[in-house]
Amino acid sequence: MAKKNQRNKHFNGRAAAAEPVREEAAKVGLQGRSILYVGGRDCQVAHLRQIAEKHGAELIHHDGGLREAVSRIDTVLPSVECVFCPIDCISHDACLRVKTGCKKTGTSFIPLRNGSKSSFERAMQELSERAMQ
């Protein structure tokens with residue numbers, strides 16, 4: 001029994017040590033870049049910001065026209081690397097403005113299937129991996 005516990009302790013130590021390496025590798029890909037997230041749920045913005053920071057990026061959030069003017073999107077677009085839009089939590093006007101603005105500025109437009117944290121996490125992971133190549 002004591003040998004089994006030592007083996008598990010050793011294995012858990014290796015697994016825990018590998019996690020910071022993976023996080024550091026993710027940070028390198030997007031380090032210092034800004035991304036814009038338009039729409040979504042206000043209660044998730046802090047979580048989305050943590051996910052972006054884990055990948056080394058700065059998250060700028062626009063609510064999609066609920067409280068902020070949709071025209072503000074045009075002023076932010078030139079300064080960001082890419083724009084994420086959860087298509088289930090954004091007005092048609094805001095989404096259309098983002099798409100046309102991205103075409104004009106050459107900014108990447110990444111539509112998300114929904115406004116979930118996991119959907120954003122997957123998209124950030126893919127973006128980070130592409131940036132490292």
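Using modelled atom types, one finds no donor on one side chain facing an acceptor on the other under 3.5 Å when comparing E121 with H47.
Between V70 and R97, the shortest heavy-atom contact is CG1-CD, 3.2 Å. When all heavy atoms of S119 and L112 are compared, the closest pair comes out as OG-CB, 3.8 Å. Considering every non-hydrogen atom in both H62 and R72, the closest pair reads CD2-NH1, 3.5 Å. A57 approaches M124 most closely through the heavy-atom pair CB-CE, 4.2 Å. Scanning all heavy atoms of the two residues, the minimum distance from L48 to F120 falls at O-CE2, 3.4 Å.
Neither Y37 nor V76 shares a network with the other; the hydrophobic side chains, linked directly or stepwise wherever heavy atoms of I, L, V, M, F, W or Y lie under 4.5 Å apart, form separate groups for each. When hydrophobic clusters are built by joining Ile, Leu, Val, Met, Phe, Trp and Tyr residues whose side-chain heavy atoms come closer than 4.5 Å, directly or via intermediates, L127 is not grouped with F109. Using a 4.5 Å cut-off between side-chain heavy atoms of Ile, Leu, Val, Met, Phe, Trp and Tyr, with links allowed through other members, I110 and L77 fall into different hydrophobic clusters.
Between atom CG of residue D63 and atom CD1 of residue I73 there is a gap of 8.5 Å, rounded to the nearest 0.5 Å. Here the OG atom belonging to S128 is positioned 10.0 Å from the CD atom belonging to Q31, to the nearest 0.5 angstrom. To the nearest 0.5 Å, atoms CG (L59) and CD1 (I35) are separated by 5.0 Å. In this structure, the separation between CD on E53 and CG on L30 is 12.5 Å, given to the nearest 0.5 Å.
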Under 3.5 Å, side-chain donor or acceptor atoms of residues 80-95 against the rest of the protein: list the pairs with distances, not counting sequence neighbours.
| unit_1 | atom_1 | unit_2 | atom_2 | d |
| --- | --- | --- | --- | --- |
| D88 | OD1 | G115 | N | 3.0 |
| S91 | OG | G64 | O | 3.3 |
| S91 | OG | A94 | N | 3.1 |

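With contacts defined as side-chain heavy-atom distances shorter than 4.5 Å, the pair H61/D42 qualifies.
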